[in-house]
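In what follows, residues are counted from 1 in the order of the sequence shown.
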Amino acid sequence: MRRKASLVLLACAVFCATLSPLMRWYAFPRLARIPANQYQDMVLEAKDATLLDYGTMQAKKVPEVTIVQTLKGDVAAAKKIEKTAGRPVVVWDSLSYVQGPDGKMVSKVPERYIFDAHTQDPVHATGEMVDGDPVTRQGIEFKWPFLTQKRDYEYFDAQTRTTSPIHYKGTRTFRGLKVYYFEQTIPWTKVPMPKTMPVQGITPETVARTGTTRWYSTVRRFWVEPVTGAPVYGEEDHKEELRGGTLLGGRASVTAFAGDVKMREDYIEHTVALVEHNRTLVLALTSYVPWGSLFLGILLLALSLFLEARSRRPRDPAPTRSAEPEPLSA
């Protein structure tokens, strides 16, 4: 009976030991993916910002500028690209909508971002663009990979349409979560005018004919939860200028927008709660189940060997029975 029990325990130990690497190296890449139909929005604010009044072409202080960012997954487009890409793909249609304190539109810039559902590496396909301009992204945008490392990453900047390093600056604690802090500086760079302008009759073409150009600089900061690779907080020290040309009436430059852009408090709370939930799911695939299975497998193996040793132990010899004395004959 002990021999049968030890064999059963041995089989269970082998199963648990096999399950451990399978969960980490087989199941994790296939289950930890950004859903193709994901939708999310984010509201950021710049308090006491500087904004250009295109009616007077004068920069003025305003109490607040609001930036609404939306990401919407295009499932049909993702399935179509997957057929040729040979891997799971996510297609995000993004819109960055900027409005002034009066609620009027300042600018809106659409993007189409195509990337690998697990690694977040960009996937190049028809339709990849920023504000209608075709682009070929390198590096990440919006989200870091699962199991983010303490190192620099290549990060795509939509304004300049270029990629440059975003630097790991250390580990911090944000709202009870351990996060990695990243920072990227984009120096003053000439960038295209938005396709959609806030004043009717003004287009990128009409501005270009005046000789006026648009310049941009920013310092962006992200606090990234490393297990999920999701930023739980972000902010930018954002600056834009118009330079030269007849549009400025002889001035060398005028500020189009300047402000410290930060996530709104209610969106911070929502993001932290969502990341905490997703973090538990990712840890189950990468840590809890693999290590738990390995520990259980070792325990079952030890118990199996113990029972096997007990079953092989030699038994004590049976006691010999002394013969009954025979009666003496008369």
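- Residues Arg175 and Ile268 share a closest heavy-atom pair of NH1-CG2, 3.6 Å.
- Considering every non-hydrogen atom in both Pro204 and Met197, the closest pair reads CD-CG, 4.3 Å.
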message: Checking Asp41 against Gln69 for the side-chain contact (heavy atoms from CB on, under 4.5 Å) test, could you report, in this order, the C-alpha distance in whole Å, the side-chain angles of both residues, the deciding distance, and whether it holds?
response: CA-CA 6 Å; Asp41 57 1; Gln69 292 183 341; over 6 Å; no
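- At a threshold of 4.5 Å between non-hydrogen side-chain atoms, the residues Thr148 and Phe182 count as touching.
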message: Quick one, Glu269 with Tyr267, criterion side-chain hydrogen bond (donor to acceptor under 3.5 Å, both in side chains). Give me CA distance, side-chain angles, the key distance, then yes/no.
response: CA-CA 5 Å; Glu269 295 176 359; Tyr267 281 87; over 6 Å; no
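- With sequence neighbours left out, Thr160 forms a side chain to side chain contact (heavy atoms under 4.5 Å, CB included) with Asp157, Thr162, Ile186, Thr189, Val191, Tyr216.
- Looking only at distances, no side-chain donor or acceptor of Ser293 sits under 3.5 Å from a matching main-chain atom of Pro290.
- Remark: Arg221 does not engage Glu236 in a salt bridge, criterion side-chain N to carboxylate O under 4.0 Å.
- Proximity of a side-chain donor or acceptor of Thr163 to a complementary backbone N or O of Gln138 within less than 3.5 Å is detected.
- Taking the six-membered ring where the residue is Trp, the centroids of Tyr168 and Tyr180 are separated by under 6.0 Å.
- Here Lys72 does not pair with Asp93 in a salt bridge; the nearest charged N to carboxylate O distance is not below 4.0 Å.
- At least one donor-acceptor pair closer than 3.5 Å links the side chain of Thr203 to the backbone N or O of Thr206.
- For the side chain to side chain contact (heavy atoms under 4.5 Å, CB included) test, residues two or more places apart in sequence or in another chain that qualify with Lys60 are Asp53, Val62.
- Within a 6.0 Å radius of NE2 in His270, no more than 12 heavy atoms belonging to other residues, nucleotides or ligands are found.
- In terms of the side chain to side chain contact (heavy atoms under 4.5 Å, CB included) criterion, residue partners of Val106 (sequence neighbours excluded) are, by chain and number, Leu51, Val98.
- Atom CZ of Phe222 is separated from atom NZ of Lys169 by 15.0 Å, given to the nearest 0.5 angstrom.
- The closest side-chain heavy-atom distance from Trp291 to Arg24 is not below 4.5 Å.
- Between atom OG1 of residue Thr212 and atom CZ of residue Arg251 there is a gap of 9.5 Å, rounded to the nearest 0.5 Å.
- The hydrophobic cluster containing Val89, built from Ile/Leu/Val/Met/Phe/Trp/Tyr side-chain heavy atoms closer than 4.5 Å, also comprises Ile81, Val91, Ile114, Val123.
- The main-chain N or O of Ala27 is never found under 3.5 Å from a side-chain atom of Arg30 such that the two would form a donor-acceptor pair.
- Each of Phe142 and Trp223 belongs to its own hydrophobic cluster when Ile, Leu, Val, Met, Phe, Trp and Tyr are linked at side-chain heavy-atom distances under 4.5 angstrom.
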- request: Would you check, one step at a time, whether the test side-chain hydrogen bond (donor to acceptor under 3.5 Å, both in side chains) holds for Thr213 with Trp215?
  value: CA-CA 7 Å; Thr213 55; Trp215 293 72; 2.9 Å; yes
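- Clustering ILVMFWY residues whenever any of their side-chain heavy atoms sit less than 4.5 angstrom apart, transitively, puts Val14 in a cluster other than the one holding Phe295.
- Here the side chains of Glu45 and Val261 are not in contact, with every heavy-atom distance at 4.5 Å or above.
- Remark: Thr136 OG1 to Arg161 CZ distance equals 13.0 Å, nearest 0.5 Å.
- Note that the CG atom of Asp237 and the OG atom of Ser217 stand 8.0 Å from one another [nearest 0.5 Å].
- Here Ser20 contributes atom OG and Leu296 contributes atom CG; the two are 11.0 Å apart, rounded to the nearest 0.5 Å.
- Using a 4.5 Å cut-off on side-chain heavy atoms (C-beta onward), Arg214 and Gln159 make contact.
- A continuous path of ILVMFWY side-chain contacts below 4.5 Å connects Leu71 to Phe115, so both sit in one hydrophobic cluster.
- Ring to ring, Phe257 and His238 are close: their centroids are under 6.0 angstrom apart.
- Residue Val219 is not grouped with residue Ile67 when hydrophobic side chains (ILVMFWY) are merged at heavy-atom distances under 4.5 angstrom, including chains of intermediate members.
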- request: Evaluate salt bridge (Lys or Arg N to Asp or Glu O under 4.0 Å) for Arg112 paired with Glu128, printing each intermediate quantity in order.
  value: CA-CA 5 Å; Arg112 171 157 280 204; Glu128 187 181 8; over 6 Å; no
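- Considering only heavy atoms from C-beta on, Tyr39 stays 4.5 Å or farther from Asn37 through its side chain.
- For the pair Thr66 (side chain) and Gln99 (backbone), a donor-acceptor distance under 3.5 Å is absent.
- For Phe146 against Ala32, the heavy-atom pair with the smallest separation is CE1-O, 3.3 Å.
- Closest heavy-atom contact between Leu300 and Ala13: CB-CB, 3.8 Å.
- Remark: Lys178 fails to qualify as a cation-pi partner of Phe174 under the 6.0 Å distance and 45° angle criteria applied to the six-membered ring.
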Intermediate values then yes/no, side-chain contact (heavy atoms from CB on, under 4.5 Å), Ile34 and Lys143: CA-CA 10 Å; Ile34 304 298; Lys143 184 186 178 297; 3.5 Å; yes
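- Closest non-hydrogen pair, Lys61 versus Asp48, comes out as NZ-O, 3.4 Å.
- For the atom pair OG of Ser107 and CG of Asp131, the computed distance is 9.0 Å after rounding to the nearest 0.5 Å.
- Between the side chain of His118 and the backbone N or O of Pro88, no donor-acceptor pair lies under 3.5 Å.
- Between the side chain of Ser287 and the backbone N or O of Leu283 there is no donor-acceptor pair closer than 3.5 Å.
- Formation of a donor-acceptor pair under 3.5 Å by the Arg264 side chain with backbone atoms of Lys262 is not found in this model.
- In terms of hydrophobic clustering, with Ile, Leu, Val, Met, Phe, Trp and Tyr side chains grouped at heavy-atom distances under 4.5 Å, Val272 and Val179 are assigned to a common cluster.
- Tyr26 and Phe28 have their aromatic ring centers separated by at least 6.0 angstrom.
- A donor atom on one side chain and an acceptor atom on the other are found under 3.5 Å apart for Glu235 and Tyr233.
- Judged as a salt bridge (charged side-chain N to carboxylate O under 4.0 Å, His left out), the pairs with a partner in residues 277-303 (not counting sequence neighbours) are, in order, Glu225-Arg279.
- In terms of the ring pair (Phe, Tyr, Trp, His ring centres under 6.0 Å) criterion, Phe156 has no residue partners (sequence neighbours excluded).
- Looking at heavy atoms from C-beta onward, Leu95 lies in side-chain contact with Lys108 at the 4.5 angstrom threshold.
- Counting heavy atoms from C-beta outward, Glu241 and Trp188 have side chains that approach closer than 4.5 Å.
- Considering every non-hydrogen atom in both Val275 and Ala230, the closest pair reads CG2-CB, 3.8 Å.
- Of the charged side-chain nitrogens involved, at least one lies within less than 4.0 Å of a carboxylate oxygen, so that Lys195 and Asp133 count as a salt-bridged pair.
- Counting only heavy atoms from C-beta outward, the side chains of Leu147 and Thr286 approach each other to under 4.5 Å.
- Of the possible polar contacts, none joining the Thr119 side chain to the Asp116 backbone as a donor-acceptor pair under 3.5 Å is found.
- Between the side chain of Tyr113 and the backbone N or O of Glu141, at least one donor-acceptor pair lies under 3.5 Å.
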